[in-house]
Amino acid sequence: MAEAGTGFLEQLKSCIVWSWTYLWTLWFFIMLFLVYILRVPLKINDNLTTVSMFLNTLTPKFYVALTGTSSLISGIILIFEWWYFRKYGTSFIEQVSVSHLRPLLGGVDNNSPNNSNTSNGDSDSNRQSVSECKVWRNPLNLFRGAEYNRYTWVTGREPLTYYDMNLSAQDHQTFFTCDTDHLRPADAIMQKAWRERNPQARISAAHEALELNECATAYILLAEEEATTIVEAEKLFKQALKAGEGCYRRSQQLQHHGAQYEAQHRRDTNVLVYIKRRLAMCARKLGRTREAVKMMRDLMKEFPLLSMFNIHENLLEALLELQAYADVQAVLAKYDDISLPKSATICYTAALLKARAVSDKFSPEAASRRGLSTAEMNAVEAIHRAVEFNPHVPKYLLEMKSLILPPEHILKRGDSEAIAYAFFHLQHWKRVEGALNLLHCTWEGTFRMIPYPLEKGHLFYPYPICTETADRELLPSFHEVSVYPKKELPFFILFTAGLCSLTAMLALLTHQFPELMGVFAKAFLSTLFAPLNFVMEKVESILPSSLWHQLTRI
């Protein structure tokens with residue numbers, strides 16, 4: 001019985017909601033007809049006459065006070081709404097409407113979990129979003145002395161932020177130091193050098209360490225920060241390689257003799273991998289791309305477990321330069337795996353290879369007439385996947401937004417990663433005929449596929465909300481950070497702002513021209529009620545005057 005009663009109430013509620021949604025016009029005319037029928041008992045005509053007499057007796061001071069009070073109230077509401085939007089990212093009035101009024105009218109909140117499994121999924125997505133805001137070392141970062149500093153000399157601008165350089169200092173201390181450095185004078189000096197904030201102090205400390213011993217980390221610091229050309233940096237890295245290989249061989253023989261030796265061997269391994277990777281990047285920058293590819297392949301084969309350096313992204317860029325697309329596909333097949341973390345390089349390179357198969361003959365007009373072929377559909381889906389992973393990249397590839405030098409650290413799915421990718425891969429997209437045209441025609445369609453709100457995921461987990469804050473820390477102040485999803489001002493804030501401005505203007509005009517504004521107010525009200533008076537006159541002419549008496553007799 002209880003279930004039957006509950007079902008009846010639900011059906012009744014749904015019928016009421018349906019009638020209110022679709023038959024509101026009928027309800028309005030019924031209420032209007034009832035008001036007309038009951039105009040004599042309710043003394044509507046007398047009340048309207050009294051109201052009109054009252055309005056005629058009002059002085060201009062009343063209109064000034066009324067508009068001024070309305071402007072003040074709407075201004076207070078506007079200030080509160082703006083503060084609430086800045087703090088919580090939504091309108092207070094809209095939130096109350098969705099949270100309290102919508103359930104009463106029969107609305108269903110799609111965000112509410114239906115069961116415990118959904119709740120667990122949401123919590124997993126939240127944990128993934130938080131972890132995805134981790135800042136990563138840019139695998140294609142430039143050389144400070146040979147590239148970043150040269151930009152500063154030419155433009156007078158600092159391309160790196162203090163936050164970014166501080167992260168690099170932490171990385172250097174993690175990879176290039178260990179607990180036994182105090183036992184060796186040169187390593188002890190370099191341990192202090194990595195903590196120095198002043199570049200000249202770091203360079204001086206590196207020279208001091210080299211006077212004591214052939215120190216690989218000292219050569220690394222000089223190659224990164226003192227060398228003014230890539231050729232000089234490569235020369236210093238070769239000297240660092242010679243010293244680093246000797247340290248690596250010695251520590252390899254002693255790594256099983258205790259925890260200290262194992263830590264020292266791990267440090268020497270990191271130093272050796274870093275040197276070889278930077279040497280490969282030097283060869284790539286100097287035009288020896290095939291040599292760079294061989295060095296990267298050998299390094300990945302020799303140290304397969306050191307994936308934290310993301311050497312495969314350097315390899316993908318070099319292979320694209322050689323136009324070895326089959327080799328690029330082989331690398332993607334290994335690293336574009338569901339269990340491995342994604343990156344803009346992986347997603348957009350996969351999209352480029354799919355687009356390359358159809359972009360030279362792609363025409364949006366022809367595709368709209370005949371529909372997309374299987375290959376074109378695969379290319380479009382790959383572009384949608386890439387754009388959903390990082391929506392900031394297309395504007396840089398399509399040159400709708402200017403590029404800057406990439407930072408030393410990037411935030412995956414953020415503007416910093418988009419800059420780092422486009423800085424090195426724009427030329428590869430331009431080389432493939434029609435690829436940028438296909439991207440231009442299809443990338444905006446991604447946002448129509450992602451469910452609302454835009455933070456929700458379609459092919460990936462939800463887009464993290466912390467990217468804007470992290471990107472503003474990583475990117476220089478002269479760069480306009482790309483924000484997604486961009487928060488638009490809610491309707492109620494715009495409405496309140498317009499209402500506040502309008503009432504303030506009316507208050508000012510009423511104060512300056514009270515008599516004229518009074519005439520305008522009366523003319524406006526008479527014009528506003530003119531259609532209603534016309535309808536009432538027509539109804540009175542059609543209906544008999546004794547209708548009310550006939551109804552009372554019934």
Side-chain angles (χ1 to χ4, degrees), residues 137 139 141 143-145 168-196 201-227 230-283 291-312 314-315:
R137 181 81 179 179
N141 66 306
F143 294 86
R144 283 197 190 176
S168 297
Q170 295 176 17
D171 292 340
H172 295 152
Q173 294 176 51
T174 302
F175 294 135
F176 301 152
T177 62
C178 64
D179 295 335
T180 60
D181 284 346
H182 65 279
L183 301 176
R184 296 174 297 278
D187 289 334
I189 293 175
M190 288 307 302
Q191 193 174 35
K192 295 179 181 179
W194 295 120
R195 298 172 183 167
E196 286 286 348
R202 291 196 297 270
I203 293 173
S204 299
H207 284 292
E208 183 181 351
L210 288 175
E211 292 176 358
L212 298 177
N213 192 8
E214 288 290 310
C215 182
T217 54
Y219 283 121
I220 290 176
L221 193 149
L222 295 178
E224 291 284 352
E225 301 192 23
E226 188 182 39
I230 302 298
V231 175
E232 294 179 15
E234 184 182 34
K235 188 180 299 183
L236 288 169
F237 272 121
K238 287 181 178 179
Q239 293 177 277
L241 179 62
K242 183 178 179 180
E245 286 179 338
C247 294
Y248 176 76
R249 284 193 296 268
R250 288 192 296 270
S251 63
Q252 190 177 27
Q253 297 173 357
L254 302 174
Q255 61 174 319
H256 301 297
H257 291 188
Q260 291 183 346
Y261 292 104
E262 186 176 350
Q264 185 175 343
H265 175 68
R266 185 164 54 250
R267 189 278 307 269
D268 292 338
T269 302
N270 292 335
V271 170
L272 184 62
V273 172
Y274 185 89
I275 294 171
K276 288 186 175 183
R277 172 175 165 269
R278 293 303 259 178
L279 277 173
M281 294 180 68
C282 288
E291 179 184 345
V293 168
K294 183 180 183 305
M295 295 173 67
M296 293 173 192
R297 289 189 185 277
D298 293 342
L299 187 57
M300 294 169 64
K301 190 179 299 183
E302 186 178 359
F303 302 97
L305 300 179
L306 290 182
S307 59
M308 57 188 172
F309 289 104
N310 292 324
I311 304 172
H312 61 277
N314 299 87
L315 179 60

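- Evaluation of the ring-ring contact (aromatic ring centres under 6.0 Å, His included) rule for Phe176 yields His172, Trp194, Tyr274 as partners, not counting sequence neighbours.
- By the 4.0 Å N-to-carboxylate-O rule, Lys192 lies too far from Asp187 to be salt-bridged with it.
- Between the side chain of Arg144 and the main chain of Glu224, no donor-acceptor pair closer than 3.5 Å is present.
- Considering all non-hydrogen atoms of both residues, Ala205 and Ala193 come closest at CB-CB, 3.6 Å.
- Between the side chains of Asn310 and Arg277, no donor-acceptor pair of N or O atoms lies under 3.5 Å.
- Of all non-hydrogen atoms in Ala240 and Ile275, the two that sit nearest each other are O-CD1, 3.4 Å.
- The existence of a salt bridge linking Lys242 and Glu214 is excluded, since no basic side-chain nitrogen approaches an acidic carboxylate oxygen closer than 4.0 Å.
- Across Leu241, Asn141, Ile220, a single residue satisfies side-chain contact (heavy atoms from CB on, under 4.5 Å) together with Arg278, and that is Asn141.
- Closest non-hydrogen pair, Cys178 versus Gln191, comes out as O-NE2, 3.6 Å.
- How far CE of Met190 is from CZ of Arg202: 10.0 Å, rounded to the nearest 0.5 Å.
- Residues Met296 and Ala280 approach most closely at CG-CB, 3.9 Å, considering heavy atoms.
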Can you check salt bridge (Lys or Arg N to Asp or Glu O under 4.0 Å) on Glu302 and Lys276, steps first, answer last? CA-CA 11 Å; Glu302 186 178 359; Lys276 288 186 175 183; 3.1 Å; yes

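- In this view, Lys235 satisfies the salt bridge (Lys or Arg N to Asp or Glu O under 4.0 Å) rule with no residue, not counting sequence neighbours.
- Taking both residues in full, the closest heavy atoms of Leu299 and Ile311 are given as CD2-CD1, 3.5 Å, listed atom of the first, atom of the second, then distance.
- Contact record, Asn213 with Ala186: CB-CB, 4.0 Å, taken as the closest heavy-atom pair.
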